[in-house]
Amino acid sequence: MKLDLNQDGILNKLVSIRRDIHANPEFGFQETRTAGRVAAFLTACGIPVTTGVGGTGVVGTLKRGTSNRSIILRADMDALKIQETPAHTRAHGSLNPGYMHACGHDGHTTMLLGAAQVLAAQGGFDGTVQFVFQPAEEWGKGMLAMLEDGLLERFPASEAYGLHNVPGLAIGKFETRAGAFRSAEDNFTINIRGKSVHSARPQQGRDALVAAAAVITALQTIISRVITPGEQAVVSCTDIKVPGIRNVICGEAEISGDCRSFSPQVSALIERELRTVAENVSRAHGCEALVEYTREFVPTVNHPELAMEVGRVLTGVFGVDAVDANARPQSGSEDFGQLLLKIPGCFVNIGNGATESLHNSAYDFNDEAIPFGVEFFATVARARLPLTSR
Ligand SMILES: [Zn+2]
Ligand SMILES: [Zn+2]
């Protein structure tokens, strides 16, 4: 590391901001308090701020020098609808019952604020940094809302960079890769319609529950028999709803679930096969299937050259052992992928040490990661907006 955040007490201030945001979690598109804190912090750094971008999104625009080059550094602000585990009540525990920062977006927001402060105070770059704080990452809707509100027209940028903390990855470690790094998420619902009848007279009905069981089993072959070996994808049935009357043969059943993939082609193949299996297996049981298939997250696809450049730059700052620039693609989804559909860029994992897993009710972002995230953002800004370009 090259940056010393202990100088001027920056780190202590960032830790207290992180804990304040943790204590006041806000759900997607309702991040008014968080956005207010972000805007006030940026303003105090002398950075011009625009609020209300795509709902509760905030953009800070920091210019230095004369270059026309511009990049986006992005963080997410939203919390989850999860009750923080009482046994893990902490001094900065959630004051908002039923909601908590279980994904560490409090940490991401804080790390980007730290980078904004460092870059505003110390410069070291030539061009414009757009600090983008997005709402509603967990829904996969916040970045789209900012883009539809003219993010790239109002705050032009030619590249974008973001990060997510990873429990279990050591503090100070980074991972990224060229190409697809986070999966797409598709959701599906299969409504199977049969005919309900007295449970003693099955021959007079059409059992939607038996059909649903056969559909669920058959769907398991999409990954094992349809997707090319070597491609990564997941098809998960996660819920089944039936009327549930003990002496009535089930006349309707609803299966829902979610699919992960890393390319539009594989996503399209999964949808086609899922419809074929659900409709035809149901028909074999004398039932009818209606399939709804929606795309919630696009895959997050890193630009090959920029991912290599980020790997190189991070290695220069943190050392060769700290950076894995060829990490495996991961089957979680990330709203940052929407931004990478518009402009090239790179998303990285940052180690969060031995914390609970993400979306666990006992999770708490590890403040030890803050300096590394601050330095990641500041380093990338300086590398991509070099002073030598003048
Ligand atoms: Zn999450
Ligand atoms: Zn997250």
Side-chain angles (χ1 to χ4, degrees), residues 18 21-22 24-31 34-35 38 54-58 72-85 94 96 98-113 132-146 160-169 173-176 180-187 234 236 238 258 260 296-300 302 327 329-340 345-353 355-367 369-370 372-373 376-377:
R18 204 286 295 175
I21 296 174
H22 186 93
N24 295 279
E26 295 172 303
F27 199 56
F29 292 124
Q30 294 165 16
E31 308 93 334
T34 310
V38 166
T56 42
V58 180
I72 284 176
L73 302 178
R74 167 275 201 182
D76 37 17
M77 301 188 290
D78 57 321
L80 284 147
K81 218 176 250 188
I82 296 175
Q83 174 66 43
E84 197 162 24
T85 309
S94 172
N96 194 359
Y99 295 86
M100 72 173 288
H101 272 290
C103 205
H105 298 184
D106 47 348
H108 305 163
T109 292
T110 302
M111 293 189 288
L112 187 52
L113 288 174
V132 172
F133 297 83
Q134 77 155 84
E137 189 285 327
E138 296 285 355
W139 295 16
K141 302 291 177 243
M143 180 50 70
L144 209 51
M146 292 190 86
Y161 299 88
L163 53 65
H164 205 294
N165 77 93
V166 175
L169 183 64
K173 301 262 188 196
F174 292 88
E175 296 177 334
T176 189
F181 191 35
R182 288 286 200 284
S183 67
E185 179 186 338
D186 305 339
N187 291 170
V234 182
S236 300
T238 53
D258 115 3
R260 307 292 168 129
E296 306 296 324
F297 285 83
V298 298
T300 298
N302 286 338
Q330 297 175 2
S331 59
S333 301
E334 172 53 65
D335 199 13
F336 190 69
Q338 282 289 353
L339 186 54
L340 293 187
C346 180
F347 193 72
V348 308
N349 288 340
I350 180 170
N352 202 33
T355 50
E356 276 293 348
S357 53
L358 300 175
H359 294 203
N360 181 290
S361 62
Y363 170 88
D364 186 25
F365 179 84
N366 187 342
D367 290 324
I370 290 175
F372 295 92
F376 161 77
F377 281 125

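These numbers come from the heavy atoms of this one structure, side chains and all, not from hydrogens, waters or symmetry mates. Numbering of residues begins at 1 and proceeds along the displayed sequence. Counting starts at 1 for both ligands and their atoms, following the listed order.
Ring geometry for H164 against H105 counts as perpendicular: the plane angle is over 60°, on a 0 to 90° scale with 30° as the lower cut.
One finds the CD1 atom of I370 at 10.0 Å from the CG atom of L113 (value rounded to the nearest 0.5 Å).
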Test salt bridge (charged side-chain N to carboxylate O under 4.0 Å, His left out) on K81 and E26; report intermediate values, then the result.
CA-CA 9 Å; K81 218 176 250 188; E26 295 172 303; over 6 Å; no
After noting the C-alpha distance and the side-chain angles of N302 and R182, does the key distance pass the side chain to side chain donor-acceptor pair (under 3.5 Å) rule?
CA-CA 9 Å; N302 286 338; R182 288 286 200 284; over 6 Å; no
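Aromatic ring centres of F27 and W139: separated by under 6.0 Å.
Only protein N, O or S atoms were scored, and 4 of them lie under 2.8 Å from the Zn ion (ligand 1).
Metal site remark for the Zn ion (ligand 2): H164 contributes an N, O or S atom at a distance under 2.8 Å.
Donor-acceptor pairing under 3.5 Å is recorded for the side chains of N187 and E185.
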